[in-house]
Visitor: 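Before anything else, here's the structure in question.
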Amino acid sequence: MESQLTVAPSYMTAKGVADLFGMTEGAVKKMCQRGELPTKPRRNGQRIWFINMHALHAHAVEQVEGADEDWLGWKDRFEGFK
């Protein structure tokens, strides 16, 4: 089998992010409205949210790198992950 390089898109719609993370589209839209996700500015009544996936990934990496050992060891507390 050939291996294929998958390049993540720079921006994804709220529906795409919801499908990726197993959330509802409405929940993602509310997160956008509250400023909890890095979004592309909307113009003149634009109804679709576009989430900046590179900024979201950078934020996630930053959070994990700054996490304490107790948080990082969460898998050790559940037998199903051993």
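As the structure is a computational prediction, the values presented were derived from the model and not from experiment.
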Visitor: Could you see if I51 belongs to whatever hydrophobic cluster contains Y11? Use Ile, Leu, Val, Met, Phe, Trp, Tyr and a side-chain cutoff under 4.5 Å.
Guide: no

Visitor: Could you grab the distance from atom NZ of K40 to atom CZ of R42, nearest 0.5 Å is fine?
Guide: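 Rounded to the nearest 0.5 Å, the NZ-CZ separation comes to 13.0 Å.
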
Visitor: Which heavy atom of A14 sits nearest to which heavy atom of K29, and what is that distance?
Guide: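 Minimum heavy-atom separation between A14 and K29: CB-CG, 3.9 Å.
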
Visitor: Do you know which two heavy atoms are closest between A27 and M23, and how far apart they sit?
Guide: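 Between these two residues, the closest heavy atoms are CB-CE, 4.3 Å.
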
Visitor: Could you check if a side-chain atom of K15 sits within less than 4.5 angstrom of a side-chain atom of I48, using non-hydrogen atoms only?
Guide: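 The answer is no; the side chains never approach within 4.5 Å.
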
Visitor: How far does OG1 of T24 sit from NZ of K30, to the nearest 0.5 angstrom?
Guide: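 Going from OG1 on T24 over to NZ on K30, the span is 8.0 Å.
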
Visitor: Can you hop from F50 to L20 via hydrophobic side chains spaced under 4.5 Å?
Guide: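 In one cluster: no.
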
Visitor: Compare every heavy atom of L37 with every heavy atom of C32, then report the nearest pair and how far apart it is.
Guide: SG-CD1, 4.1 Å

Visitor: Evaluate whether atom NE2 of H54 has more than 12 neighbouring non-hydrogen atoms of other residues, nucleotides or ligands under 6.0 angstrom away.
Guide: yes

